[in-house]
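Worksheet for the structure shown next.
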2 protein chains.
Amino acid sequence: MRAHEVVLGWVEHEIAEGRILIGQRLPAERTIADQLRVSRTSVREAIRVLEAMGMVRSGVGSGPEAGTLLIADPSAPFTAAMRLHFATSHLPVDDIVQTRTLLESWAVEHADSSSPFLKSAALLLDAMDEPGLETECFLQLDAEFHVALSQAAGNVLISTMMGALRDSIEHYTLDMIGNLPDWSAMAMRLRAEHRQIYDVVLSGDPVEASALVAAHIEGYYREAGFPSYQKSAAELARPRP
Amino acid sequence: MRAHEVVLGWVEHEIAEGRILIGQRLPAERTIADQLRVSRTSVREAIRVLEAMGMVRSGVGSGPEAGTLLIADPSAPFTAAMRLHFATSHLPVDDIVQTRTLLESWAVEHADSSSPFLKSAALLLDAMDEPGLETECFLQLDAEFHVALSQAAGNVLISTMMGALRDSIEHYTLDMIGNLPDWSAMAMRLRAEHRQIYDVVLSGDPVEASALVAAHIEGYYREAGFPSYQKSAAELARPRP
DNA sequence: GGGGATATGTGGTTAGACCACAAACGTGAT
DNA sequence: ATCACGTTTGTGGTCTAACCACATATCCCC
């Protein structure tokens with residue numbers, strides 16, 4: 001086992017044992033190196049890996065921003081990999097729409113209407129009603145809302161995948177709104193659809209909720225000027241009407 | 001921008017420009033360091049990141065196994081992150097079954113029956129018929145078969161997610177076969193079901209294929225001794241009969 | 001008490017050296 | 001001519017030791 005893998009194993013172990021909690025600092029690089037009898041070089045290689053996976057964040061200097069912090073929620077490792085992935089190879093928008101539709105319509109269909117994540121979703125909806133909200137912020141809240149909805153189904157994997165998609169989707173959406181003739185009208189429409197979806201999920205009508213979500217996603221991408229996206233997303237997700 | 005990020009950017013650029021192809025070697029660490037005017041240490045940190053994401057593989061010595069090879073198909077970055085993720089936090093089996101069922105039944109439903117991936121799938125089926133095949137190898141081929149099926153739908157994201165799940169699933173399946181009273185009987189049954197699914201996909205009956213896949217996955221997990229898994233996977237994937 | 005110089009501790013980076021390994025190359029004996 | 005064995009070459013793997021930049025904490029002088 002290579003030296004930096006020893007370090008990775010040690011960190012994983014420390015986390016599993018609860019000796020390092022989220023938000024806490026890892027020991028200094030020199031300390032870890034000394035403790036594990038490896039060079040600081042190897043410790044740094046390990047930290048680069050953890051950083052790439054979104055598990056830690058390094059900062060120089062002193063004070064609360066300095067040192068290497070553990071910032072990983074369990075779903076984080078996904079995100080970084082996806083980000084680099086999408087930075088390298090641009091995925092077909094159709095694929096993204098299909099996948100979003102599949103995952104999200106499944107999620108709302110299996111959502112627990114008493115899930116605390118729905119309360120988060122409601123707060124996000126309120127935040128999106130804020131007048132004079134920056135477009136960028138709106139899109140961020142939009143993405144958050146969809147992730148929160150997905151979490152309500154209680155499937156860690158599905159939530160994780162949606163969370164991974166979120167950041168990547170923001171990139172596309174920002175590009176897309178340039179194609180829109182009237183963004184504020186679109187924002188209004190999105191707000192209304194979000195409310196409708198939320199209400200139906202809360203009222204416990206899985207089938208209707210699923211259909212609404214599919215239509216919502218499909219409509220968004222189509223109106224934002226992706227003519228290549230022909231087929232109905234709803235149909236793709238649920239081809240047997 | 002930190003030094004190792006410069007290296008990462010350079011590698012991404014070289015890949016995007018087509019100067020480094022899959023299966024080819026990156027320049028030697030010392031060469032890259034020299035060329036980019038950074039230290040070899042920084043080059044190594046960048047390579048560790050790429051390695052963690054499954055994009056490259058490093059080997060010492062000389063010859064075809066040596067050097068740093070680019071092995072990334074577009075879906076690779078997922079895998080490593082997932083692996084570390086699963087190593088840290090054990091996911092509920094139910095979640096995995098649900099996700100597999102959702103992704104795979106969608107994939108076969110939208111499979112292109114003329115896809116070259118189906119030819120790969122056929123070869124894998126033949127390989128699984130090999131008498132005296134090690135259990136471990138069989139499970140590997142099994143996983144490969146499912147990934148190949150998923151690829152036939154032509155959605156990069158879905159294929160990617162399935163590919164990411166594959167390695168993780170192997171871990172569980174290996175544990176599971178210990179619970180089986182008669183592995184060779186199960187293997188026989190899996191072979192038969194695989195053939196059946198393959199035939200139906202090839203014949204172009206999406207609905208039937210989807211149902212078969214769901215039943216196949218569900219049956220496997222249930223028989224392998226996960227009583228916690230109660231609900232029908234087929235029902236989960238397609239709750240409106 | 002205030003304010004600026006200094007000490008401390010952090011990650012970021014570099015240079016240079018050695019090791020282990022595996023293939024390719026030479027050189028010798030047969 | 002051929003084979004076997006040592007040598008060379010080039011690769012990643014590791015380590016030491018030093019310096020830098022940065023941000024806080026501390027101290028000492030005014």
Side-chain angles (χ1 to χ4, degrees), chain A residues 1-11 14-15 19-72 76 80 84, chain B residues 1-12 14-15 19-72 76 80:
Chain A
M1 185 178 257
R2 289 127 100 198
H4 83 269
E5 290 175 325
V6 171
V7 180
L8 282 173
W10 178 82
V11 172
E14 290 295 298
I15 293 173
R19 279 193 281 272
I20 308 177
L21 301 175
I22 290 177
Q24 289 186 340
R25 272 204 290 274
L26 268 62
E29 294 176 353
R30 292 166 177 86
T31 308
I32 297 176
D34 204 50
Q35 188 169 336
L36 298 184
R37 312 293 196 89
V38 297
S39 72
R40 197 182 151 206
T41 308
S42 301
V43 174
R44 286 183 57 78
E45 289 186 7
I47 289 179
R48 286 292 82 74
V49 171
L50 295 172
E51 192 182 59
M53 292 183 169
M55 295 196 61
V56 302
R57 191 199 67 203
S58 293
V60 294
S62 296
E65 292 301 308
T68 302
L69 258 67
L70 182 67
I71 57 174
L84 189 133
Chain B
M1 183 177 260
R2 290 126 99 196
H4 82 269
E5 290 175 325
V6 172
V7 180
L8 283 173
W10 178 82
V11 172
E12 275 185 34
E14 291 293 298
I15 293 173
R19 279 194 281 273
I20 307 176
L21 301 175
I22 291 176
Q24 289 186 338
R25 271 203 291 274
L26 268 62
E29 293 177 356
R30 291 167 178 85
T31 309
I32 297 176
D34 205 49
Q35 187 170 336
L36 299 184
R37 311 293 196 89
V38 296
S39 72
R40 196 183 151 207
T41 307
S42 301
V43 174
R44 285 184 59 76
E45 289 186 7
I47 288 179
R48 285 294 82 73
V49 171
L50 294 172
E51 191 183 61
M53 293 184 169
M55 295 196 60
V56 303
R57 193 198 63 204
S58 293
V60 295
S62 298
E65 292 301 308
T68 302
L69 259 66
L70 182 67
I71 56 174

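Chain A is the first sequence line, chain B the second, and so forth, proteins listed ahead of strands; every chain is numbered from 1. As the structure is a prediction and not an experimental result, all values here were calculated from the model.
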| remark: dist B:Glu29:CD -> B:Asp34:CG (nearest 0.5 Å) comes out at 13.5 Å
| task | Just call it for A:Arg57: base, sugar-phosphate, or nothing, with non-hydrogen atoms closer than 4.0 Å on any strand. | result | nothing
| said: Are the side chains of A:Arg44 and A:Glu51 in contact, using a 4.5 Å heavy-atom criterion? | reply: no
| message | Within the structure provided, determine whether B:Ile15 and B:Met55 are in side-chain contact (heavy-atom separation under 4.5 Å). | response | yes
| task | Quick one: label A:Ser42 by what it contacts on the DNA or RNA (base, sugar-phosphate, nothing), any heavy atom closer than 4.0 Å. | result | sugar-phosphate
| message | Going 5' to 3' along DNA chain D, between which two nucleotides do contacts with chain B fall, using a heavy-atom cut-off of 4.0 Å? | response | D:dG10 to D:dT14
| said: Counting only heavy atoms from other residues, nucleotides and ligands, does the tally under 6.0 Å from CZ of A:Arg37 exceed 12? | reply: no
| Passing option when B:Ser58 is tested against B:Thr68, B:Leu50, B:Leu26 for side chain to side chain contact (heavy atoms under 4.5 Å, CB included) | B:Thr68
| task | Flag the pair A:Leu70 / A:Gln24 as yes when at least one side-chain heavy-atom distance between them is below 4.5 Å, and no otherwise. | result | no
| query | Salt bridge check: are A:Glu5 and B:Arg48 linked by an N-O gap of less than 4.0 Å? | reply | no
| field | B:Arg25 CZ to C:dA22 C1', straight-line distance once rounded to whole Å | value | 12 Å
| What distance do A:Ile47 atom CD1 and B:Glu45 atom CD have between them, rounded to the nearest 0.5 Å? | 9.0 Å
| remark: Counting primed atoms, P, OP1 and OP2 as sugar-phosphate and everything else as base, the B/S/- map of nucleotides 5-12 of chain C against protein heavy atoms under 4.0 Å is ----BBBB
